[in-house]
Visitor: 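Before anything else, here's the structure in question.
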Amino acid sequence: MTDVAVAGYATSGFAGETDKSGNELVLETNMAALENAGVTHEDLDTVMFTGQDPYDGAAISDGQKIATSAAYRKPIMRIQSGGGVAIHQARAKIRSGKADVVTVVAADFVTADPTTLSWSSHEALYHRPFGMNNRQSYGFFTQNYLDGSDVTREDLAATAAKNYEAAAENPTAHRREGYSTEAVLDSDPVVGPLTELMLGPMSYGAAVLVLVDEDVAAELDEVRGWVGGTGQATGKYKYRDMDDRLHQPTLRDAASTAYDEAGIAPDDVDAAEMATYAPSFELLGYEALDFCADGEGPSLVHDGTTAIDGPLPVNASGGPLATSPPNSGGVYRAIAACQQLEGELGRQNADRVLLWDNDMHLGEPARTDAVLIFEEASA
Amino acid sequence: MTRKAGAIGVGYSDPETFTDYRLSTMSKEEQAHEAITAALEHANADPDDIDVALFCTVDGFEGTFRVERTLEVMGMGDDIPVISINTGGTAGGSGVKVAYEYLAAGDYDTALVYGSPSFDSVVEAQPVMNTNADPLFERNFVTAIQMGALPSSGYMEISGATEEDFAKVAAQNYQNAAKNPYAHRNEAKTVEEVLDSPMVCWPLRRAMTCPVSSGAAAMVMAEEDTAYEHRDNPVWVEDIDSISNTFETGPRTMDWFPKLKTLADRIYERQDIDDPLDAFDVCETFNPYIPFELIEYEAMGFCEKGEGKHLIRDGVTARDGKLPVNCSGGTLATNSGICASLSRHTEVVLQLMGEAGERQVAGNPELGLAQSWGANLGQFQQMCVFSAD
């Protein structure tokens, strides 16, 4: 089975609005990514599109991006479960012999209210009538976390501030103001214990990743990294079993598969990018990924372990609290992981970066978790 | 070295669910449970045997954003990945493709592909479908029926095919549908009845266009070693591929399906197929507007361009002909959204297993072809070559 490399990537950068059309964003970012990878659109075998119809404001929205994503006369596939899952499947395209060069293309460009859209992803008879949406689910989850542990709102705010500190150094990030713990606590209350700065903004922009098989990689001058291991799992849509949800079994399952496939232990990870839509997910994510024992999550923030200058930086990009484009977040986080392998993001040169992506922008129940290990060297 | 992979079981929701979407009495969860349970039983498999589930749909038609998240039956096993696939009308075929790639690559051993009864949620699907067209120049003028009528009238001009030819193809599908318990329109309409139906949009009469149906389909697939643990006669995926056309329809000629021809040529070259009419024993095509079936014969190389009418006049594609096409009655008889594109594949699998009931073709079919069509004016084309064990 061939190894799969990240040959190149590009992003447009992210902000709270865009004056470009979706096709302008995709064309510019796609061309930049192909150039960055050292391949042409003629080398490209297939395109993996990660947009979701409601965010794009159109049915079968992948069709609109055929020309600008260089998919004309080529196969295009569209996975709606997030960038991490799309990369996971794109790798399978290469390893099954169906393609040698695959792009994973994502863009956010239609002005949308992600909270209202997430409401339309909830169960129609019992949950929509009382307004359940993504932020409600994060608040419910986080309040239960606080109730069952010694974790405080100050711990949550410190975790958020750590992300904002990193984002301030990242020119691609959306929120770059470097908010402090106090600023996070003082921002507007939203739901349960969560304030506005404990939640992500709606970000607009595009991201493209170019994956190649090992033969193509050998012909290129350099590649950005290798996909060393992957895993994914989906939880059931249920609201009542909070103990199970706080344990995050699907993340543990996906991580275990990815660690096994990469032949590594959690200690071997140098940095991580996580799709943490509230600070509680980051603290519990440390535990589910075995970065620390259960219950020890907040200590990694307080002792600086996961700070941008710590021994295990988490979200050197600033994470979803700083940059949260629902279609392109996962692809962007994969790019941020590769940038850390190259010393272009954060303050270290990592040999191995873990990406935890998920589709929790729609809410926590029924989440799909994907864990991918990006490595500097081919296995 | 990639692994061999194929289908080990297929299933549908209850025959009564294949009806007018407005008359559907089953919820999405119930239809999914029925189809998936039937596919698992057919595959001699348990829910825990499934490693990954591919949910195929178009979100706008579902009325729920990412509806698979609230369908517990999709993840019946132990927190398996449930992945949402949306490529419009080809989404069912895309699900088979993703499953095949996962199995061949070694990521998973067993996969479930589910085709949703997409159309039974929204009050009016047409405005949703229109969002798929160019917003400035095309959205206000093109609806589903024009998507069918434009290529059909263009095709009449280049081919000399007549209304009677179209009616013959339609009647052939209806005769087949009458033998298929999972067909929505299962009255064996005649050529005369088709021609007597009201004109909807030239040259399409009502009986030449598909209904809007409910009903669900599922397929269980596995890699080679696992497949033989479940059945003695898996149906293998020999090749599966797709192709994209422009989003704007201005550059298109509206007289044929040239991208489908390109796709077919690529597949036949890889599979060393010189004469597809001779090579294939059974075929299911995407024929929601009946002239498409003739266009597809030609684009997929069953005959020369413009000659499709002779295949129907001579009975070549009838159930007892040289290459039986759409023995299920096709999408013309049953258009349950994305289920309809997966059904092209499930029907070929049943034929190659020799388990298609009354609609089974004679002999022992060994090589089958499934095709689907989707997105803005057939922007996407997809084909899959299956072989019997």
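Within every chain, numbering begins at 1; the chains are lettered A, B, ... in the order of the sequence lines, protein sequences first and strands thereafter.
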Visitor: Report which part of A/Leu117 has an atom under 4.5 Å of a heavy atom belonging to chain B: side chain, backbone, both, or neither.
Guide: both
Visitor: Who wins among A/Val47, A/Thr234, A/Thr2 for the most heavy-atom pairs under 4.5 Å with chain B?
Guide: A/Thr234
Visitor: With a 4.5 angstrom heavy-atom cut-off, which part of A/His88 approaches chain B: side chain, backbone, both or neither?
Guide: both
Visitor: Please determine, among A/Thr250, A/Ile76, A/Asp56, the option with the most heavy-atom pairs under 4.5 Å with chain B.
Guide: A/Ile76
Visitor: Given the options B/Gly60, B/Ala375, B/Ser94, which has more heavy-atom pairs under 4.5 Å with chain A than any of the others?
Guide: B/Ser94
Visitor: So what's closer than 4.5 Å to chain A heavy atoms on B/Phe55: side chain, backbone, both or neither?
Guide: neither
Visitor: What part of A/Ser120 lies closer than 4.5 angstrom to a heavy atom of chain B: side chain, backbone, both or neither?
Guide: both
Visitor: Counting N and O atoms only, with roles assigned by atom type, does the side chain of A/Asn134 sit under 3.5 Å from a partner on the main chain of A/Leu362, one being a donor and the other an acceptor?
Guide: no
Visitor: Could you tell me whether B/Lys28 and B/Glu30 have a side-chain N and a carboxylate O separated by less than 4.0 Å?
Guide: no
Visitor: For A/Tyr126, does the OH atom have more than 12 heavy-atom neighbours from other residues, nucleotides or ligands under 6.0 Å away?
Guide: no
Visitor: Quick check on the interface: out of B/Thr87, B/Leu103, B/Val67, who has the most heavy-atom pairs with chain A under 4.5 Å?
Guide: B/Thr87
Visitor: Pick one of side chain, backbone, both or neither for B/Leu54, based on which atoms fall under 4.5 Å of a heavy atom in chain A.
Guide: neither
Visitor: With only heavy atoms counted, which part of A/Ala67 is less than 4.5 Å from chain B, the side chain, the backbone, both or neither?
Guide: neither
Visitor: Using a 4.5 angstrom heavy-atom cutoff, name the option from A/His122, A/Arg128, A/Lys65 with the most pairs to chain B.
Guide: A/Arg128
Visitor: When you measure from the side chain of A/Ser81 to the backbone N and O of B/Ser84, does any donor-acceptor pair fall under 3.5 Å?
Guide: yes
Visitor: Heavy-atom pairs under 4.5 Å with chain B - which of A/Arg95, A/Lys98, A/Arg91, A/Gln232 has more of them than the others?
Guide: A/Gln232
Visitor: Between A/Arg245 and A/Asp241, does at least one N-O distance fall below 4.0 Å, as a salt bridge requires?
Guide: no
Visitor: With chain A, which of B/Met129, B/Arg3, B/Lys259, B/Glu62 has the greatest number of heavy-atom pairs at distances under 4.5 Å?
Guide: B/Lys259
Visitor: Give me the ring orientation class for B/Tyr102 and B/Tyr108: parallel if the planes are under 30° apart, tilted from 30 to 60°, perpendicular past 60°.
Guide: perpendicular
Visitor: Can you tell me which portion of B/Asn245 sits under 4.5 Å from chain A's heavy atoms? Options are side chain, backbone, both or neither.
Guide: both
Visitor: Parallel, tilted or perpendicular, judged at 30° and 60°: which one describes the rings of A/Tyr277 and A/Tyr138?
Guide: parallel
Visitor: Identify which part of A/Lys74 has an atom lying under 4.5 Å from any heavy atom of chain B, answering side chain, backbone, both or neither.
Guide: backbone
Visitor: I want to check something: taking the side chain as every heavy atom from C-beta on, are A/Leu372 and A/Trp356 in contact at a cut-off of under 4.5 Å?
Guide: no
Visitor: Around atom NZ of A/Lys20, are there more than 12 heavy atoms from other residues, nucleotides or ligands closer than 6.0 Å?
Guide: no
Visitor: If you tally heavy-atom pairs under 4.5 Å against chain A, which of B/Ala104, B/Pro135, B/Pro81 wins?
Guide: B/Pro81
Visitor: Should we count NZ of B/Lys261 as having more than 12 external heavy atoms under 6.0 Å?
Guide: no
